[in-house]
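This report refers to the structure that appears directly beneath it.
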Amino acid sequence: MNRKQRRAEGKSGKGVTRSSSLLEETLFHQAMAHHQAGRLREAEADYRDVLASNPRHTGALGYLGLLAHQLGHSDTGIDLLRKAIASDKRSAEPHYNLARVLSDCGRDDEAIVHNRKVLEISPDFPGAHNNLAALLLLHGRFSEALTIAADGLRTDDTAGLKSTFVMALRSLDPAVIKLDPNIIQLLVRALREPWCRPRDLSAAAGVILLRSPAMARCVERLSHAGSARLAELFTRDDLALLHGDGLLEALFGTSPVTTVEIERVLTAVRRALLSEIASGAFEAFEAWLPLASALGQQGFINEYVFDVTEDETVQLDRLCDEVAGAITRNEAVAPIRLAVLASYLPLHSVPGAEQLAERSWPASVTPLIAQQIIDPRDEQAVRSGIERLTAIEDDVSEKVRAQYEENPYPRWSSISAEVQPLPVDHYIGMRFPGVPYKPLGHRALDVLVAGCGTGQHAIQRALQFKSADILAIDLSLSSLSYAIRKTKELGLANLRYAQADILALGTEKTFDVVDSSGVLHHLKDPLAGWRRLAGLVRPGGLMHIGLYSVTARGDINAARAYLAQQGRDYSVAEVRRLRAEFAGRAPGDPLHNITGFSDFFSMSECRDLLFHVQEHQFSIPQIADFLREIGFTFLGFETPARNNYFRRFPDDRTATDLANWVAFEAENPSTFATMYQFWIQKN
């Protein structure tokens with residue numbers, strides 16, 4: 001039967017018969033198949049044939065509306081979707097599709113209404129929670145977005161919704177975060193699985209911990225008691241409450257604590273634990289072992305940045321000697337003693353510590369053994385075999401290398417498991433819709449990560465970019481050893497590492513993508529390094545660059561000037577002293593403001609923040625001028641501030657007007673507090 005015959009049958013009244021109904025559905029499924037295959041004209045003709053037979057066919061009306069939108073006729077598409085809704089008020093799908101079209105057209109308020117209608121009709125409709133939460137996020141309604149995302153995660157376990165939950169929690173004003181058991185449970189999952197870099201959720205986790213009754217009581221007692229005994233800080237009931245929801249262990253074992261008040265509590269608890277052990281009256285208090293072990297993991301992650309008194313140093317030396325002696329004599333070591341020792345120094349630094357890896361330990365201590373003995377051993381084993389691509393002869397490069405040999409940067413525990421590998425074209429298209437981007441195509445890509453540190457960023461790229469062969473280079477063998485160990489843990493085969501200096505790289509090998517984030521500003525001549533890397537990019541290729549903003553680092557510059565004036569150095573003891581001083585300053589003081597940077601909360605990052613041997617800072621006009629010089633097109637900044645930018649400059653729908661960004665940063669100086677992170681394409 002041809003198309004004319006089908007239409008004639010519909011007009012003759014036979015459309016109400018069983019055979020006609022079957023014909024409608026056959027046509028409808030054929031139309032959907034054409035639609036999904038991108039054969040839009042055939043799909044349109046079939047949808048219209050269905051409607052000729054049954055003008056109220058909900059599916060045909062709705063999908064014809066979507067097709068009209070795809071063909072650029074959004075108003076027609078909206079009208080058709082409204083007819084689909086009118087044809088079946090119990091169907092959620094037309095509301096869902098109408099919300100998508102309205103959002104694409106910038107009519108977000110209406111889209112929010114229809115997304116809510118989807119959930120009213122069908123509470124578990126796939127994708128609806130994420131779409132609604134994402135729209136609410138876009139409009140700064142963070143608390144609502146968090147509630148919707150959390151509700152959706154009861155039944156929807158997709159990576160997209162998890163990411164939206166993380167963004168909502170990170171965006172929310174700490175003052176309005178509530179002690180919701182469901183939110184806490186999801187936060188624990190997000191840290192442990194993880195759904196993002198655990199560091200991204202450290203601040204929110206700290207706020208929630210501070211509001212827990214047990215931690216709040218400890219803060220209050222500490223404010224009155226000063227240097228208190230354990231029983232004066234936490235009761236056994238408090239301990240049970242702290243460990244009940246798993247948040248404490250999840251945070252302490254995955255990320256540096258980035259909350260000054262919690263750091264003060266942990267410093268006091270650690271001091272009290274050591275004092276109890278030194279007095280010889282503590283061995284039986286096994287209830288404290290999980291907290292002591294968590295403190296040990298936290299100490300290793302933050303590189304033992306917490307303050308240490310002279311009394312503690314004496315007690316610690318004695319404890320270290322006692323544990324080393326017990327190892328030598330092959331005697332048992334009480335788990336609580338080992339955990340407390342690990343909270344002050346890495347266990348692999350204790351003579352004979354390798355033997356501890358062969359013993360059995362309680363479940364809470366096992367992660368300490370892996371973290372502080374087994375992992376460092378594995379890193380040492382790979383160090384001598386690391387490939388060397390270039391010599392390191394530049395004097396500044398050598399100083400930077402020495403800094404990172406002492407403190408591999410950054411020390412991290414886990415990386416997001418919720419990564420969907422995408423072709424780089426899809427990645428750019430999702431982040432910067434509408435930009436004048438020339439696709440690279442779906443071929444395998446050669447990628448250079450220049451300055452990979454401990455591998456966190458390079459591994460993220462290896463997981464993100466489908467069909468990419470990645471070379472990651474760095475100056476520091478300690479950092480590269482850490483990166484190689486983590487890469488092996490994840491079983492990645494598309495990533496290799498080598499020691500090299502950016503300034504010494506040759507031009508015999510070129511790349512589709514060159515990624516250098518947080519590196520160029522540490523070179524003697526950052527623009528010379530940038531030019532060298534740009535020369536390694538193939539025509540039409542991409543660069544991702546991260547540079548410090550001079551506007552955003554005003555407080556850091558004030559702190560550096562203060563430290564230089566005083567002649568302060570970056571020894572471990574001095575870093576601990578200055579941190580205590582800065583934390584004790586009044587809120588609003590530029591030195592106290594440094595505590596708002598997450599880098600303040602680990603030794604290597606604090607040194608990097610305040611004492612780096614080489615750092616340059618940039619402005620947006622400088623970046624714009626240099627892009628013109630080297631022949632690259634700006635594609636966009638990667639920043640959560642894009643949403644606010646669109647509200648400020650609604651006419652710049654690609655967010656690529658750098659003059660606008662200059663004005664936006666002047667109005668919002670902390671926009672690029674971490675760095676300018678942006679993508680560019682070679683002309």
Side-chain angles (χ1 to χ4, degrees), residues 1-108 110-135 152 155-156 158 160-161:
M1 184 183 297
N2 61 32
R3 181 162 280 121
K4 288 184 178 180
Q5 290 173 319
R6 291 198 299 262
R7 287 177 176 169
E9 181 177 312
K11 289 178 182 178
S12 70
K14 295 180 181 178
V16 296
T17 66
R18 177 180 175 85
S19 61
S20 183
S21 177
L22 289 172
L23 178 61
E24 284 174 20
E25 292 311 305
T26 300
L27 269 176
F28 177 62
H29 289 297
Q30 177 178 294
M32 290 180 66
H34 285 315
H35 200 161
Q36 291 169 0
R39 297 188 292 272
L40 302 188
R41 294 303 178 188
E42 292 94 328
E44 180 181 9
D46 285 337
Y47 286 137
R48 293 195 181 281
D49 280 351
V50 173
L51 292 173
S53 175
N54 179 5
R56 293 180 58 82
H57 192 288
T58 304
L61 285 167
Y63 283 107
L64 185 59
L66 275 182
L67 190 150
H69 172 61
Q70 288 176 271
L71 293 173
H73 308 300
S74 297
D75 289 341
T76 299
I78 290 169
D79 288 342
L80 285 163
L81 282 160
R82 293 195 189 282
K83 289 178 180 178
I85 290 169
S87 73
D88 184 357
K89 298 185 182 301
R90 295 171 299 174
S91 177
E93 188 171 22
H95 287 282
Y96 178 81
N97 288 329
L98 178 56
R100 290 168 56 193
V101 174
L102 290 168
S103 180
D104 288 347
C105 295
R107 295 161 65 174
D108 289 348
E110 294 174 79
I112 287 171
V113 170
H114 284 280
N115 270 314
R116 290 194 188 279
K117 190 65 177 177
V118 173
L119 295 175
E120 179 185 321
I121 296 170
S122 178
D124 297 332
F125 194 92
H129 285 94
N130 193 38
N131 287 0
L132 176 55
L135 281 172
T155 55
D156 183 352
T158 57
L161 189 55

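Bear in mind that the values here come from a model prediction, so they are computed numbers and not experimental data.
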Side-chain contact, heavy-atom cut-off 4.5 Å: [X] with [Y]?
| X | Y | result |
| --- | --- | --- |
| I85 | K117 | no |
| Y47 | H57 | no |
| L132 | L119 | yes |

Euclidean distance, [Y] [atom2] relative to [X] [atom1], rounded to 0.5 Å:
| X | Y | atom1 | atom2 | value |
| --- | --- | --- | --- | --- |
| L22 | E24 | CG | CD | 9.5 Å |
| L98 | H114 | CG | NE2 | 4.5 Å |
| H29 | D46 | NE2 | CG | 12.5 Å |
| F125 | T155 | CZ | OG1 | 12.5 Å |
| I78 | L66 | CD1 | CG | 11.0 Å |
| T58 | E93 | OG1 | CD | 10.0 Å |

If I compare all heavy atoms of [X] with all of [Y], which pair ends up nearest, and what's the gap?
| X | Y | result |
| --- | --- | --- |
| A43 | L67 | CB-CD1, 3.7 Å |
| A128 | V118 | CB-CG1, 3.6 Å |
| L161 | H129 | CD1-C, 4.1 Å |

Quiz item: Out of T76, N97, V101, D75, which residue meets the side-chain contact (heavy atoms from CB on, under 4.5 Å) rule with H69?
Solution: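 Result for side-chain contact (heavy atoms from CB on, under 4.5 Å) with H69: V101.
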
Practice problem: Would you mind telling me which of S87, P55, P94 makes a side-chain contact (heavy atoms from CB on, under 4.5 Å) with L61? | Solution: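 Single pass found, and it is S87.
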
Quiz item: So, are R48 and E44 salt-bridged, with charged N and O less than 4.0 Å apart?
Solution: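 Yes, charged N to carboxylate O under 4.0 Å.
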
Practice problem: Say whether, by atom type as modelled, one donor and one acceptor occur between the side chain of S103 and the main chain of A99 under 3.5 angstrom. | Solution: no

Quiz item: Relative to the ring of H35, is the ring of Y63 parallel (under 30°), tilted (30 to 60°) or perpendicular (over 60°)?
Solution: perpendicular

Self-check item: Derivation of the side chain to side chain contact (heavy atoms under 4.5 Å, CB included) call for N130 and T158
Solution: CA-CA 9 Å; N130 193 38; T158 57; 5.7 Å; no

